[in-house]
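All chains are named by letter (A, B, ...) in the order of the sequence lines, taking the proteins before the strands, and each is independently numbered beginning at 1.
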Amino acid sequence: MSNSKIKKQMQTSNEIVRFENIEKTYYLGKLEVPVLKGIDLVFKKGEFIGIMGASGSGKSTLLNVLGLLDVPTAGKYFLLNQEVENFSDNHMAELRNSSIGFIFQSFNLFPHLTVEQNIEVPMVYSEIPKKKRRKRARELADRVGLGHRLTHRPTELSGGECQRIAIARALSNNPSFLLADEPTGNLDEKTSHEILDILHDLHQNKETTIVMITHDPEVECIFDRIFHLRDGIIDKRTEAGGEKC
Amino acid sequence: MLISDLFRLSFHNLLLHKIRSLLTSLGIIFGVGSVIAMLAISEGAKKQALDQIAEMGIDKIIVFTQKPSLVGESQNTTQSALLTYGLTEQNENHLREFDNISDITTLRHARKVITRGTTRLDLKLVSTTLNFLDETKCQLVEGRWLSPIDMANKSLVCVVGRNVKRKLFRLGKGSLIGQKIPIQGAVFEIVGIIENNIGTQFPDLNSPNDMILIPTTTSNAIFSYCGIDYSGGGRFGDLFHVEYDIMLVKVTDVAYIEHTAERINSYLLKNHKKSKDWGIKVPLELLQQQEHTQNIFTIVMGSIASISLIVGGIGIMNIMLANVYERRKEIGTRRALGAKKNDILRQFLIETIFLTAQGGMIGIVLGISLSKIVTYYAQWPVVFSPWSIILSIMISGIVGVVFGTYPAWKAAQQNPIDALRTE
Ligand SMILES: Nc1ncnc2c1ncn2[C@@H]1O[C@H](COP(=O)(O)OP(=O)(O)OP(=O)(O)O)[C@@H](O)[C@H]1O
Ligand SMILES: [Mg+2]
């Protein structure tokens with residue numbers, strides 16, 4: 001197949017991400033630590049993807065590669081139909097800024113910034129003027145139900161509220177896809193549901209591809225597809241609407 | 001990232017830790033403070049020294065008598081030989097013939113011992129010409145200056161320096177004018193008091209403030225050129241013959257000063273073959289020398305102070321490195337949210353520059369206050385040159401760049417994943 005044909009196919013199939021035999025090996029001195037051992041996968045626009053697997057199976061590593069925070073040691077990664085290998089550090093930063101939203105287990109909010117300032121951070125790096133930033137931050141805060149806490153600082157908020165702010169921040173530049181590494185890992189069941197509801201709502205408009213790592217088998221039903229990782233390879237792929245749902 | 005956001009962010013981070021920022025920039029504060037104070041003090045000293053010389057008049061050449069060491073000492077013998085040395089009336093007349101010399105003021109020390117009770121005083125009885133007052137930049141405080149009539153009449157009058165009252169008379173209320181000073185049989189009536197505020201010091205004769213000045217004609221009439229000089233400390237003193245102690249030679253134009261000094265020098269060399277019993281000083285040359293020495297002094301002082309700036313800079317670098325380590329998670333998060341390496345680098349660099357600039361500004365205030373205190377308590381003159389302030393601001397900026405670059409680079413090189421992994 002020629003290159004242009006592949007591209008055409010990608011476009012028609014709404015491909016956001018394609019991994020071809022991705023490997024990631026860490027080197028600790030002379031010791032090789034293979035973490036990802038050949039991953040093939042394709043994510044399409046608007047999909048809600050779950051990644052599950054035992055601790056140490058390489059989930060976070062996979063997500064970091066997806067999010068351009070880390071580069072694979074072998075294999076091909078196409079993001080929005082472009083091969084990542086040749087991207088410069090600056091270009092990757094720009095893509096992280098404009099096309100990728102990160103949600104962390106421990107929220108990673110800036111403790112000294114207010115809620116609205118926290119939401120604004122990615123827009124600061126994309127040089128959006130202050131007025132416009134502020135307006136967008138308020139909209140997003142409203143959207144995650146925290147429009148009344150704009151001038152509070154993260155330390156004054158509950159864990160669930162913090163994660164909602166982090167989601168608002170991740171959405172601020174309208175990313176093509178959202179990466180969440182155990183976003184409910186630090187939250188109790190009730191708050192977890194609130195967060196999942198927000199992600200679920202987001203999924204409804206089918207605009208954003210969401211990739212979420214979780215340990216919780218209970219939530220399987222909200223995903224379109226689930227990838228099960230074991231020892232650095234995809235052990236099992238589950239389509240949505242499994243027997244439990 | 002917009003420059004305005006970059007500045008706002010760095011400023012915000014500084015304000016977050018006010019005390020820490022202040023403590024961190026302490027090295028810079030004291031560094032800049034000492035640069036400012038040192039420069040102000042040395043500039044002040046320079047100005048004072050130069051003023052003193054310049055006030056004396058850069059259009060003058062000072063020719064003075066030196067007791068030649070060969071014939072000098074009384075060597076504890078009871079017999080004293082007559083010592084004839086120094087500048088003479090003949091020299092004066094010859095010099096007046098020179099084209100570029102417009103005026104000569106002469107001073108002659110009568111070498112009389114002046115006492116109060118049994119205490120010897122360091123006052124000098126000096127006979128001089130009428131132009132003395134103007135040529136030495138003295139001011140009349142009270143009474144009048146010596147007059148042509150005094151000269152013509154060889155009057156027994158004197159004008160005294162401002163220290164004479166304190167030294168010779170008890171500190172009473174009444175005016176000195178009209179008081180009498182008896183010196184070896186002659187009694188001089190005080191007609192005026194003068195003062196010299198520019199620190200003039202004559203070779204061997206010191207300040208006009210410690211002089212009792214009488215007309216040359218009077219001196220010539222009642223004291224001969226000869227006399228006994230007890231200042232050597234010997235019981236019997238030295239029998240001497242000195243005509244003039246000092247000649248203040250004024251030139252018509254400053255441009256000729258070096259040339260004229262040369263000529264006087266070679267004339268005196270020829271005229272005083274016997275011994276080197278004279279000396280010559282050109283204030284203009286002294287001025288240039290002094291300027292040079294003072295410049296070196298300023299550079300040395302400035303350099304010493306700059307060392308504390310470097311130490312301060314290293315301190316800041318240290319803290320910034322710790323700061324980068326402490327804020328790895330922030331850096332990682334920023335990188336994940338789209339910050340480029342360059343954004344991180346600039347953020348930390350500008351934070352450091354803010355830190356040093358703030359230190360610099362506080363340092364300038366400190367330095368100025370310090371020098372004001374010095375002026376107040378030690379009475380040293382200080383001079384603030386605007387360039388010392390510009391220099392300090394520049395140096396603290398440069399210190400910020402020099403010592404901020406490495407920590408900022410370190411911050412930018414942080415691997416975002418490692419940085420995010422830390423809790
Ligand atoms: N920088 C690194 N250097 C060396 N080994 C690493 C590095 N990062 C991750 N690893 C190793 O890679 C493996 C996978 O790590 P990863 O964080 O992807 O696991 P995970 O599936 O996210 O686990 P968890 O569920 O506990 O978060 C682990 O064995 C880990 O020790
Ligand atoms: Mg993980």
Side-chain angles (χ1 to χ4, degrees), chain A residues 24 26 35 60-61 63-71 88-114 117-130 132-133 153-154 166 169-173 175 179-181 186, chain B residues 1-21 24 320 323-351 354-355 408-423:
Chain A
K24 178 73 195 178
Y26 288 109
V35 180
S60 295
T61 307
L63 206 72
N64 289 338
V65 172
L66 271 173
L68 300 178
L69 282 172
D70 212 347
V71 285
S88 68
D89 198 82
N90 274 354
H91 187 48
M92 289 204 279
E94 274 163 18
L95 284 172
R96 283 199 297 270
N97 184 242
S98 60
S99 307
I100 302 172
F102 285 94
I103 301 166
F104 305 92
Q105 180 175 349
S106 53
F107 325 133
N108 288 21
L109 294 176
F110 301 107
H112 301 293
L113 300 183
T114 62
Q117 285 169 337
N118 262 291
I119 299 174
E120 278 179 45
V121 172
M123 295 188 276
V124 167
Y125 288 112
S126 48
E127 305 198 343
I128 292 171
K130 197 163 167 61
K132 223 172 139 193
R133 267 182 355 221
R153 281 170 215 280
R169 181 177 70 181
L171 293 174
S172 62
N173 275 339
L179 302 175
D181 193 343
N186 281 3
Chain B
M1 194 172 186
L2 296 169
I3 294 291
S4 57
D5 285 319
L6 198 61
F7 274 56
R8 195 176 301 132
L9 174 61
S10 304
F11 197 61
H12 175 88
N13 282 335
L14 264 189
L15 289 184
L16 271 183
H17 312 281
K18 290 192 194 68
I19 298 292
R20 190 209 277 187
S21 301
T24 305
M320 285 310 286
N323 204 351
V324 167
Y325 184 78
E326 198 179 273
R327 284 160 63 184
R328 273 175 322 193
K329 190 169 174 185
E330 178 198 327
I331 296 167
T333 309
R334 285 186 182 280
R335 295 277 278 139
L337 298 180
K340 295 173 185 152
K341 279 185 179 173
N342 202 23
D343 291 323
I344 302 292
L345 183 108
R346 289 194 295 174
Q347 176 189 336
F348 279 85
L349 187 59
I350 288 178
E351 260 180 56
F354 270 13
L355 217 53
W409 178 84
K410 270 288 234 216
Q413 294 307 312
Q414 284 281 330
N415 181 343
I417 302 167
D418 295 341
L420 279 170
R421 216 191 292 278
T422 56
E423 272 311 307

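For A/N90, the parts lying under 4.5 angstrom from a heavy atom of chain B are both the backbone and the side chain. At a 4.5 Å heavy-atom cutoff, the contact between A/D89 and chain B is made by side-chain atoms alone. For B/L2, the parts lying near chain A are the backbone and the side chain together; criterion is any non-hydrogen pair under 4.5 Å. For chain A, no part of B/R327 is nearby; none of its heavy atoms comes within less than 4.5 Å. Interface residue A/V124: backbone and side-chain heavy atoms are both found under 4.5 Å from chain B.
Heavy-atom contacts from other residues, nucleotides or ligands closer than 6.0 Å to NZ of A/K130 number more than 12. By the neighbour-count criterion of 12 heavy atoms within 6.0 Å, atom OH of B/Y325 is sparsely surrounded, having that number or fewer from other residues, nucleotides or ligands. Taking a 6.0 Å sphere around CD1 of B/I3, one finds it holds more than 12 heavy atoms contributed by other residues, nucleotides or ligands.
Taken to the nearest 0.5 Å, the OG atom of A/S106 stands 3.5 Å off from the NZ atom of B/K329. We find the CD-CG distance between A/E127 and B/D5 to be 8.5 Å, quoted to the nearest 0.5 Å. B/H12 contributes atom NE2, which lies 6.0 Å from atom CD of A/Q117 (distance to the nearest 0.5 angstrom). To the nearest 0.5 angstrom, A/R96 atom CZ is 13.5 Å from B/R334 atom CZ. Once rounded to the nearest 0.5 Å, the distance linking CE of B/M1 with CG of A/N97 reads 11.0 Å. For the atom pair OH of A/Y125 and CG of B/D343, the computed distance is 6.0 Å after rounding to the nearest 0.5 Å.
Counting heavy-atom pairs closer than 4.5 Å to chain B, the top-ranked of the candidates A/M92, A/E94, A/H112 is A/H112. Contact count against chain B (heavy-atom pairs under 4.5 Å) is highest for A/L69 among A/L113, A/I100, A/L69, A/L95.
Listed here is the closest heavy atom pair of B/A339 and A/A93: O-CB, 3.8 Å.
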